[in-house]
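One-based numbering along the sequence shown.
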Amino acid sequence: MATEARPFHLVVLGASGFTGQFVAQEVAREQVVPERSPRLPWAVAGRSREKLQRVLERAALKLGRPTLPSEVGIIICDITNPASLDEMAKQAAVVLNCVGPYRLYGEPVVKACIENGTSCIDICGEPQFLELMYWKYHEKAAEKGSYIIGSSGFDSIPADLGVIYTRNKMNGTLTAVESFLTVHSGPEGLCIHDGTWKSAVYGFGDQSNLKKLRNESNLKPVPIVGSKLKRRWPISYCRELNSYSIPFLGADVSVVRRTQRYLLENLEQSPVQYAAYMTVGGITSVIKLMFAGLFFLFFVKFGIGRQLLIKFPWLFSFGYFSKQGPTQKQIDASSFTLTFFGQGYSQGFSPEKNKPNMRICTQVKGPEAGYVATSIAMVQAAMTLLNDISDLPKTGGVFTPGAAFSRTKLIDRLNQRGIEFSVISSSEV
């Protein structure tokens with residue numbers, strides 16, 4: 001990282017946005033951890049100095065640090081003004097980009113960072129943007145020494161690093177993993193800011209272009225080792241968790257598969273098959289989600305339908321998404337558990353023509369997923385970029401979190417800050 005010549009090690013771009021405020025608070029916490037001396041130099045960036053100043057004042061109040069606003073730089077820049085993005089990128093070692101939806105606003109930031117030899121981390125959950133950035137910018141980023149790492153929030157660090165953790169903990173060869181996300185809420189229920197909803201609307205409305213991009217990439221399939229992982233039905237019952245489940249429609253599957261390809265092609269590690277699900281509780285929740293899903297999939301096909309979905313997120317999501325986002329009480333009462341069920345083969349037992357003879361169950365647990373865990377994951381990914389340089393890929397490029405961080409201390413950092421990885425059970429069948 002080019003930290004010595006840059007005034008700021010980290011710059012939070014979009015710090016006055018809903019998620020950006022949480023990221024700025026998390027960087028402020030990281031700035032004063034006891035083992036850090038001197039303090040971490042950082043800045044916030046965006047279009048409005050007044051809004052950025054207010055973000056720092058709120059963070060100062062929340063953290064009990066009245067001098068915080070005077071310790072943090074403010075950079076004025078605009079996504080629509082490339083020269084201002086260049087100026088911002090020149091001042092940073094790592095940019096934490098919180099400006100979404102990324103398919104609309106992400107590329108100018110990636111471009112400015114690469115051209116100025118700056119690294120960039122985002123919290124994108126949009127597979128089309130993530131995969132397109134790889135094909136357009138990987139070689140240029142490698143040439144410039146920039147690390148461009150997408151999906152470094154709740155999408156998809158727990159899943160991507162969770163699969164790697166599971167592989168590392170199995171006493172043999174891990175060949176397949178299913179993950180089940182369970183979101184826990186308090187008496188006031190769950191709510192998600194409509195920025196995430198907008199990204200989903202645009203993503204599902206543009207599925208044809210994602211298919212086209214994948215067809216044009218003409219990649220060879222990653223080989224399947226051992227028994228093929230069977231897909232579950234759209235609604236299935238998970239006995240181990242005593243809950244119904246549906247496929248998880250976030251970016252996790254896309255990200256994990258790209259990581260497994262990278263680990264096979266660059267580190268010669270045996271690839272792991274992966275499927276992601278989300279638990280939905282009992283049959284009443286299943287019916288409610290089915291109706292919401294059918295409404296969504298019908299309306300997202302048409303331009304006017306997408307406009308209605310974006311205008312009335314609370315109505316069409318049955319109250320799960322809103323323009324205001326969650327209250328502090330909802331955030332404080334929420335948490336997540338991501339459970340991994342892995343299968344594979346013990347040392348010396350051939351995957352060819354044999355059924356798996358090893359089982360392992362691991363978990364990643366953490367605080368509220370969308371904003372608290374996302375901020376912790378993003379900031380710790382940035383700290384890993386700054387501090388674990390010798391364990392990163394040798395040259396820059398566009399990477400998934402697993403590709404960039406598989407050999408670093410990121411999991412240890414997350415464990416210390418409340419996103420906990422653990423083994424639940426491991427046995428030979």
In plain terms, say whether Arg258 and Glu131 are close enough for a salt bridge, that is, a side-chain N and a carboxylate O under 4.0 Å apart.
no
Looking at Arg54 and Glu57, is there a salt bridge between them, counting it only when a charged N and a carboxylate O are closer than 4.0 Å?
no
Side chain to side chain, [X] and [Y], heavy atoms closer than 4.5 Å:
X: Tyr202; Y: Ile310; result: yes
X: Cys191; Y: Thr327; result: no
X: Ser422; Y: Ile424; result: yes
X: Leu219; Y: Arg214; result: no
X: Gln53; Y: Pro69; result: yes
X: Ser317; Y: Asp194; result: no
X: Thr339; Y: Thr279; result: no
X: Leu96; Y: Val94; result: yes

CA sep, side-chain torsions, deciding dist, call: Asn209, Leu132, side-chain contact (heavy atoms from CB on, under 4.5 Å)
CA-CA 10 Å; Asn209 277 329; Leu132 182 64; over 6 Å; no
Are any side-chain N or O atoms of [X] and backbone N or O atoms of [Y], one a donor and one an acceptor, separated by less than 3.5 Å?
X: Asn215; Y: Lys211; value: yes
X: Gln273; Y: Ala275; value: no
X: Arg306; Y: Val300; value: yes
X: Ser285; Y: Val280; value: yes
X: Ser346; Y: Phe349; value: no
X: Ser156; Y: Ala159; value: no
X: Ser243; Y: Cys238; value: no
X: Ser152; Y: Gly150; value: yes
X: Thr374; Y: Gly153; value: no
X: Thr362; Y: Thr166; value: no

Measure across [X] and [Y] and return the closest heavy-atom pair with its distance rounded to 0.1 Å.
X: Val12; Y: Cys98; result: CG1-SG, 4.1 Å
X: Ala92; Y: Thr118; result: O-CG2, 3.3 Å
X: Val177; Y: Val272; result: CG2-CG1, 3.8 Å
X: Val72; Y: Val44; result: CG1-N, 4.0 Å
X: Tyr277; Y: Pro247; result: CD2-CA, 3.8 Å
X: Ser16; Y: Leu52; result: N-CD2, 4.1 Å

Checking ring pair (Phe, Tyr, Trp, His ring centres under 6.0 Å) against Phe154, which of Tyr371, Phe336, Phe22 comes through?
Phe336
For the ring pair (Phe, Tyr, Trp, His ring centres under 6.0 Å) test, which of Phe296, Phe291, Phe299, Phe298 pairs with Phe316?
Phe299
So, [X] versus [Y]: side-chain donor-acceptor pair below 3.5 Å or not?
X: His193; Y: Thr19; value: no
X: Ser245; Y: Arg232; value: no
X: Glu30; Y: Gln380; value: yes
X: Gln260; Y: Arg167; value: no
X: Ser179; Y: Tyr274; value: yes
X: Glu107; Y: Tyr137; value: yes

Run the side-chain contact (heavy atoms from CB on, under 4.5 Å) test on Val109 and Cys120 for me, step by step, so that the C-alpha distance in whole Å, both residues' side-chain angles and the decisive distance to 0.1 Å come before the verdict.
CA-CA 8 Å; Val109 181; Cys120 181; 4.2 Å; yes
Does the pair Ser227 and Tyr345 meet the rule for a side-chain contact (heavy atoms from CB on, under 4.5 Å), with working shown?
CA-CA 10 Å; Ser227 299; Tyr345 298 81; 3.6 Å; yes
Reported [atom1]-to-[atom2] distance for the pair [X] and [Y], which is rounded to 0.5 angstrom:
X: Glu420; Y: Lys365; atom1: CD; atom2: NZ; answer: 8.0 Å
X: Leu13; Y: Ile79; atom1: CG; atom2: CD1; answer: 5.0 Å
X: Lys329; Y: Asp332; atom1: NZ; atom2: CG; answer: 10.0 Å
X: Gln416; Y: Leu414; atom1: CD; atom2: CG; answer: 9.5 Å
X: Asn387; Y: Leu410; atom1: CG; atom2: CG; answer: 11.5 Å
X: Asn97; Y: Ile149; atom1: CG; atom2: CD1; answer: 13.5 Å

Validation row, ring centre Tyr165 to ring centre Phe340 under 6.0 Å
no
Ring centers of Tyr237, Tyr244 separated by less than 6.0 Å
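Under 6.0 Å, so yes.
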Are Val379 and Arg417 close enough, and set up right, to give a side-chain contact (heavy atoms from CB on, under 4.5 Å), and what steps lead you there?
CA-CA 11 Å; Val379 173; Arg417 284 158 181 85; over 6 Å; no
Report, as yes or no, whether the 6.0 Å neighbourhood of atom [atom1] on [X] holds more than 12 heavy atoms from other residues, nucleotides or ligands.
X: Lys323; atom1: NZ; result: yes
X: Gln328; atom1: CD; result: yes
X: Arg47; atom1: CZ; result: no
X: Ile304; atom1: CD1; result: no

Angle between ring planes, Phe180 versus Phe341, binned at 30° and 60°: parallel, tilted or perpendicular?
perpendicular
My understanding is that only one of Ile192, Ile331, Leu190 makes a side-chain contact (heavy atoms from CB on, under 4.5 Å) with Pro326; could you say which?
Ile331
